[in-house]
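Here is the structure we will look at.
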Amino acid sequence: MTLPTVSSASLADAGAPPTPVRLTDLSHGGGCGCKIAPGVLASLLARSAPMQVFPQLLVGNETADDAAVYKLNDTQALIATTDFFMPIVDDPFDFGRIAATNALSDVYAMGGTPILALAIVGMPVNTLPHATIARILEGGESVCAAAGIPLAGGHSIDSVEPIYGLVALGLVHPDRIKKNAGARPGDLLVLGKPLGVGILSAALKKGRLDAAGYRRMVDVTTRLNTPGIALSSIEGVHALTDVTGFGLLGHALEMCRGAGTRARIALSDVRWIDGVRDLAREGVVTGASGRNWAAYGDEVALADGLTAEAGALLTDPQTSGGLLVSVAPEALGAVMDVFAAAGFADASVIGEMLPAAAGPRVSVVA
């Protein structure tokens, strides 16, 4: 079913008058923290039949990459991805913006340029004011406009919990695709955004996030990962992904598994959204963080002296998180220039890739 563009006023006229309904009260989780736990997902996918070979399919689900990529011709490959979730904030316009930014990130994380999006909408239409639903859609439309692409339709259903997201399509030159599996020993790891979105969203749901903290969270989660386009043309960029629901450690592990490498991450070099570390020390964490650690903690070695707080921070599920780049040292300057030109002041080197060896795939030092 095609989803037409509508105005808040027309929907408000058709429904009940607005009532104070918190979006986050209608969902059992929020943002990318809603993802199926990594261990459960791996078990489900292990039961899938082997995929038929399609020569034009350049990227499928073999390395848990960010999107599928299908070769159209010698100079164009189509990137296709979808992402949707339940509310991470109560403001409907911000929810739409965050969900749309997060969905488009997977195109940028493959080194591509978005060209088109479709909306995925599931709403409790008898619970939420229609004007509220319209504002969610408008938030998504505003992000697509900022990305320079049409939101050309979509599909909607009546659901128990609010759900919003996008199908996103993009283009990339077949020789410039940036998978998450190309890292090489000796590469440096660069993270484009500060971490802590999951902790801030947990604080919001508990009524412990002030207005300044909310603004910081929305600023990070609505910043399009446009540097991915320019990073695709840098030869020394060997692997690229974005940090979302599985946390920094989970997505670093995906890089290591795909490339057959190890990684070392320096906790002191990781940037955090202001206020996040204080909240973590006070025990404000998400349930998804614990599920993430249960799924892959045996592949991680925390240095002596690192507390449970460090583990909670590094497994914190990010929504619309930053790009994670594995880059040769000689190309680091070019990568940092790309982030700086796009206004990503918090981009920083957080670790390095190491040769394969026995033991944990990722080690965290103080």
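Just so it is clear, the values below take in all heavy atoms, side chains as well, and ignore hydrogens, waters and symmetry mates.
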Quiz prompt | Evaluation steps, salt bridge (Lys or Arg N to Asp or Glu O under 4.0 Å), between E254 and R257 | solution = CA-CA 5 Å; E254 287 180 341; R257 294 181 192 124; 5.3 Å; no
Quiz item: Does a side-chain heavy-atom distance below 4.5 Å link V89 with L204?
Solution: yes
Quiz item: How many angstroms lie between atom CD1 of I136 and atom CG of L23, to the nearest 0.5 angstrom?
Solution: 5.0 Å
Exercise. Please confirm whether the backbone N or O of G213 pairs with a side-chain atom of D210, one donor and one acceptor, at under 3.5 Å?
Key: yes
Self-check item: Sidechain N-carboxylate O distance under 4.0 Å for R97, D94
Solution: yes
Practice problem: Any chance you could measure L137, atom CG, to S142, atom OG, to the nearest 0.5 Å? | Solution: 11.0 Å
Practice problem: Report yes if some heavy atom in the side chain of L249 is under 4.5 Å from a heavy atom in the side chain of W293; otherwise report no. | Solution: yes
Practice problem: Mark yes or no for whether N180, through its side chain, and M255, through its backbone, hold a donor-acceptor pair below 3.5 Å. | Solution: no
Quiz prompt | Heavy atoms of other groups near D175 CG, more than 12 under 6.0 Å | solution = yes
Practice problem: Give a yes or no answer on whether the side chain of E62 reaches the backbone of G60 with a donor-acceptor pair at less than 3.5 Å. | Solution: yes
Exercise. Check ring pair (Phe, Tyr, Trp, His ring centres under 6.0 Å) between F344 and all other residues, then give those that pass, not counting sequence neighbours.
Key: F339
Practice problem: May I ask you to decide if the ring planes of F95 and Y164 are parallel, tilted or perpendicular, using 30° and 60° as cut-offs? | Solution: perpendicular
Practice problem: List the steps, then state whether side chain to side chain contact (heavy atoms under 4.5 Å, CB included) holds for V237 with V335. | Solution: CA-CA 8 Å; V237 172; V335 167; 3.6 Å; yes
Quiz item: How far does CG of L354 sit from CZ of R184, to the nearest 0.5 angstrom?
Solution: 16.0 Å
Self-check item: Flag side-chain contact, heavy atom, 4.5 Å: V300 against V364
Solution: yes
Practice problem: Side-chain contact test, heavy atoms from C-beta onward, threshold under 4.5 Å: evaluate it for T81 versus L104 and give yes or no. | Solution: no
Practice problem: Find out if a path of hydrophobic residues (ILVMFWY) with successive side-chain heavy-atom gaps under 4.5 Å connects I149 to V69. | Solution: no
Quiz prompt | Step-by-step side chain to side chain contact (heavy atoms under 4.5 Å, CB included) determination, F85 to I163 | solution = CA-CA 5 Å; F85 47 62; I163 296 169; over 6 Å; no
Quiz item: Any donor-acceptor pair under 3.5 Å linking the side chain of S289 with the backbone of A312?
Solution: yes
Quiz item: Okay, side chain of D83, backbone of A103: is any donor-acceptor separation there less than 3.5 Å?
Solution: no
Self-check item: Residues R215 and D219 bridged, charged N to O under 4.0 Å
Solution: no
Quiz prompt | Nearest heavy-atom neighbours spanning L332 and L188 | solution = CD2-CD1, 3.7 Å
Quiz item: Could you state the interatomic distance from CG (L169) to CG (L118), rounded to the nearest 0.5 Å?
Solution: 6.5 Å
Quiz item: To the nearest 0.5 Å, what is the distance between CG (D158) and CG (N126)?
Solution: 6.0 Å
Self-check item: Crowding at CD, Q56 (>12 non-hydrogen neighbours, <6.0 Å)
Solution: yes
Quiz item: Any donor and acceptor pair, going by atom type alone, linking the side chain of N292 with main-chain N or O of T315 inside 3.5 Å?
Solution: yes
Quiz item: Are the side chain of S326 and the backbone of A183 linked by a donor-acceptor contact shorter than 3.5 Å?
Solution: no
Quiz item: Hey, is the main chain of L166 close enough, under 3.5 Å, to the side chain of T82 for a donor-acceptor pair?
Solution: yes
Quiz item: With the threshold set at 4.0 Å, does a side-chain nitrogen-carboxylate oxygen contact exist between R271 and D346?
Solution: yes
Exercise. Apply side chain to side chain contact (heavy atoms under 4.5 Å, CB included) to the pair L253 and F246, showing each step before the final yes or no.
Key: CA-CA 10 Å; L253 277 166; F246 299 153; over 6 Å; no
Exercise. Sequence neighbours left out, what passes side chain to side chain donor-acceptor pair (under 3.5 Å) with R216? Give chain and number order.
Key: none
Quiz item: Taking only residues two or more places apart in sequence, or in another chain, which ones meet S105 in a side chain to side chain donor-acceptor pair (under 3.5 Å)?
Solution: N225, D242
Quiz item: With distance as the sole test, does K193 use its side chain to make a donor-acceptor pair with the main-chain N or O of S320 at under 3.5 Å?
Solution: yes
Quiz item: Is the backbone N or O of T244 less than 3.5 Å from a side-chain atom of H251, with the two atoms forming a donor-acceptor pair by type?
Solution: yes
Quiz item: Are any of the side-chain nitrogens in D74 or K71 under 4.0 Å away from the carboxylate oxygens of its partner?
Solution: yes
Quiz item: Nearest 0.5 Å, what's the CG-OG1 distance between D90 and T24?
Solution: 3.5 Å
Quiz item: Could you go step by step and tell me if D278 and R281 meet the salt bridge (Lys or Arg N to Asp or Glu O under 4.0 Å) rule?
Solution: CA-CA 5 Å; D278 290 338; R281 276 190 286 270; 2.5 Å; yes
Exercise. Assess whether side chain to side chain contact (heavy atoms under 4.5 Å, CB included) is satisfied between L240 and L323, documenting all intermediate values.
Key: CA-CA 7 Å; L240 187 61; L323 295 174; 4.2 Å; yes
